[in-house]
Amino acid sequence: MSKLLGKSIVGFSRSQSDEPFTQAVNPATNEPLEPQYFTAAGDEVARALDLAEKAFPIYSSLPAAKRVEFLRRIAELIEQAGDAIAERGVQETGLPEARMRGETGRTTGQLRLFAALIEEGSWVDARVEIAQPDRQPLPKPDLRSMKRPLGPVVVFCASNFPLAFSVAGGDTASALAAGCPVLVKAHHSHPGVAEIVGNCVEQAARDTGMPEGVFSLLYGGGRSVGVAMVEAPAVQAVGFTGSRSGGTALMQAAAGRKQPIPVYAEMSAVNPVVLLPEALTERGEAIAEGMLTSLTMGVGQFCTNPGLIFMPDSAAPAFKEKLSSLVAEAGCGVMLNAGIAKAFRESTAAIEKIPGVKKLAAADDAGGNCASPAVFSVSVETFLSTPDLQAEMFGPATLIVEGSMEQIEQAIAGLEGQLVGTIHGTEAEIKQYTSLVKTLEGRSGRLVFNGFPTGVDVCHAMVHGGPYPATSDGRSSSVGTMAIDRFCRPVAWQGFPDSELPQELQDANPLSIWRLVDGERSRESL
Ligand code: NAP
């Protein structure tokens with residue numbers, strides 16, 4: 001591993017700032033990790049923005065094959081840095097090496113998935129309507145449309161995905177694939193991993209002849225560096241994963257600009273799981289085992305963590321008893337940083353104080369930055385009258401809500417927007433509870449049947465989104481190839497000469513992409 005410098009990457013150069021920002025801390029030992037990281041100076045942030053603005057027309061006009069080369073080169077270089085990432089990542093996050101390596105694979109897989117998407121080319125949703133000059137009562141013009149990139153995008157790294165939702169994660173990969181330069185705001189929790197990956201992206205940009213400014217990585221506080229970038233006129237969209245307060249602050253900053261821009265923020269979710277009566281009778285213990293795995297995976301620090309479990313109060317006790325005994329025996333895990341560990345302790349202490357809430361079980365607290373898994377229960381009546389019970393406990397804790405199936409449906413209807421809604425039942429039950437399933441669909445971006453909410457596959461059909469506050473815009477997904485749509489807008493050309501149209505819309509269809517021609521899917525030339 002080349003020596004870490006602690007400096008922002010501004011285009012193809014390094015920051016000269018000597019204003020200290022942060023030093024990473026190993027959450028397992030509380031020991032600081034070298035080097036010191038420095039806040040990007042105001043003129044360096046301005047230079048990164050200027051470079052991105054100038055890079056946009058060049059980068060967005062490159063043939064897709066060049067962007068494909070760039071994305072694949074980033075993936076290659078990240079793979080080559082795998083050992084350095086694993087070593088530093090474990091130190092900075094407390095996550096095990098297997099997770100760091102797995103997340104590295106997911107990150108390079110995402111980059112290659114987007115490369116394949118733009119290499120094939122049909123993602124631009126090209127539409128062609130052929131002119132009908134003789135149409136009555138009015139002639140029809142020649143109209144052609146497709147998706148075009150928005151412009152420079154600011155990406156905020158997520159603390160809980162140091163690779164897959166950080167420097168070269170899903171937001172960056174989808175924005176670069178769309179043709180947008182990216183300015184990354186590093187997360188203070190894993191600055192070293194950010195620098196290693198940032199070096200890979202910069203090197204890949206040089207190796208493949210990308211314009212300077214296609215990528216910058218900036219260190220500094222969210223308010224000084226992050227908000228400054230969101231407010232900069234050059235920036236056209238924002239990708240964010242983190243707290244609701246952070247996401248909404250950025251939404252407000254973006255909405256207050258002279259030209260408001262979209263913020264795609266993935267924030268809090270409790271991801272309700274509904275256990276139907278027959279499933280509980282048939283396999284209550286097995287569901288409890290799967291639930292524990294989902295609840296404690298990554299020390300519960302997943303946005304899809306099952307934070308709320310609805311079940312009929314008439315159900316057999318097997319599920320509750322099994323989950324409680326498993327939770328009591330579960331080991332503690334080191335959380336990502338001291339702030340997140342403190343927030344988890346505070347949220348579990350707060351829920352316990354709410355009248356009517358019972359702590360069913362908790363693992364022994366190992367102290368430090370560890371989180372001890374916990375399970376609580378409450379009646380649906382109390383849940384319905386206590387909005388605070390919907391709050392996310394970011395970590396391995398869940399709340400069981402018991403009542404009649406009618407009350408449970410009522411409670412689901414009153415939930416805030418969620419990333420995932422899960423149902424366990426028999427095939428006959430899911431037919432019987434159609435209305436409940438519809439209600440859950442109204443609150444969720446993804447529905448899971450007889451599975452668990454964690455484990456988000458990166459593919460074409462994935463939706464990792466959901467109504468507010470799961471995300472700021474429930475019409476989008478931040479995982480899978482749909483994520484590219486967030487950084488594009490549709491543009492139509494009316495009556496343009498063929499030679500002046502983008503290749504995707506030309507008569508000859510030189511890229512052989514799928515298009516909608518007069519309402520019919522076709523790969524033919526006109
Ligand atoms: P965070 O505090 O929201 O920070 C994420 C990023 O946004 C950081 O770069 C931060 O900059 C920036 N930021 C935060 N507030 C801002 C503001 N008001 N204006 C401008 N930028 C701002 O998230 P976190 O550090 O990852 O974790 C904190 C808590 O968020 C957790 O305890 C958890 O409750 C929640 N969280 C939820 C999820 C989820 O998926 N549901 C994921 C991660 C975190 P700084 O460098 O200045 O901090």
Side-chain angles (χ1 to χ4, degrees), residues 8 20-25 27 37-40 45 92-93 154-162 164-167 169-171 183-191 194 217-231 238-256 263-271 297-308 335-348 350 369 371 390-397 416-420 445 453-454 456 464-466 468-472 478-479:
S8 295
F21 163 51
T22 194
Q23 208 169 331
V25 173
Y37 278 80
F38 299 94
T39 293
V45 177
E92 286 189 340
T93 66
V154 172
V155 170
F156 285 77
C157 294
S159 59
N160 59 339
F161 276 100
F165 270 87
S166 287
V167 177
D171 288 337
L183 299 124
V184 176
K185 149 82 177 76
H187 197 284
H188 58 264
S189 214
H190 51 79
L217 168 65
L218 297 156
Y219 291 96
R223 286 70 171 172
S224 61
V225 170
V227 173
M229 288 201 288
V230 171
E231 289 177 345
V238 178
F240 168 93
T241 300
S243 64
R244 195 189 300 194
S245 59
T248 49
L250 296 175
M251 286 165 69
Q252 278 165 14
V263 174
Y264 294 101
E266 194 211 299
M267 301 174 283
S268 52
V270 287
N271 308 303
M297 193 182 281
V299 199
Q301 301 163 115
F302 283 128
C303 38
T304 51
N305 200 50
L308 207 48
M335 297 198 90
L336 292 160
N337 59 46
I340 288 180
K342 181 169 173 278
F344 178 68
R345 282 215 173 84
E346 286 169 359
S347 63
T348 50
N369 294 323
Q390 285 201 36
E392 180 183 44
M393 296 181 275
F394 190 67
E416 295 186 313
Q418 305 294 333
L419 292 168
V420 195
T454 43
V456 180
H464 189 64
Y468 184 89
T471 67
S472 52
S478 59
V479 176

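We're numbering straight along the sequence, starting at 1. Remember, it's 1-based here, ligands and their atoms both numbered in the order they're listed.
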Can you find an N or O of M267 that's nearer than 3.5 Å to an N or O of ligand 1? yes
Short N or O distance, S159 and ligand 1, threshold 3.5 Å exclusive: yes
Does an N or O anywhere in T241 fall below 3.5 Å from an N or O of ligand 1? no
Among A343, G226, S243, the residue with a heavy atom nearest to atom 29 (C) of ligand 1 is S243
Quick one: which of M229, M335, M393, R223 has a heavy atom closest to atom 22 (C) of ligand 1? R223
Parallel, tilted or perpendicular: rings of H190 and H187 (30°, 60°): parallel
For V167 against L217, the heavy-atom pair lying closest together: CG2-CD1, 3.9 Å
Backbone or side chain, does any N or O of K185 fall under 3.5 Å from an N or O of ligand 1? yes
The atoms of ligand 1 lying under 4.0 Å from a heavy atom of V227, numbered in the order shown, are 19 (N), 20 (C)
Between F302 and ligand 1, which part of the residue brings a heavy atom under 4.0 Å of the ligand: side chain, backbone, both or neither? neither
By salt bridge (charged side-chain N to carboxylate O under 4.0 Å, His left out) - contacts of E92 (at least two apart): R88
Close approach of A158 to ligand 1, heavy atoms, under 4.0 angstrom: no
Honestly, for N337 the part within reach of ligand 1 (heavy atoms, under 4.0 Å) is neither
Report the part of A249 (side chain from C-beta onward, or backbone N, CA, C, O) that has a heavy atom under 4.0 Å from ligand 1; answer both or neither where that applies. side chain
When you measure from the side chain of T471 to the backbone of G465, do you find a donor-acceptor pair of N or O atoms at a distance under 3.5 Å? no
Is R244 touching ligand 1 with its side chain, its backbone, both, or neither, if touching means heavy atoms under 4.0 Å apart? neither
With a 4.0 Å cut-off on N to O distance, would you call E416 and R244 a salt bridge? yes
Identify, with sequence neighbours excluded, every residue that meets salt bridge (charged side-chain N to carboxylate O under 4.0 Å, His left out) alongside E392. none
Would you say the ring centers of Y219 and Y37 fall short of 6.0 Å from each other? yes
Can a side-chain donor-acceptor contact be found between N337 and S189 if the only test is distance below 3.5 angstrom? yes
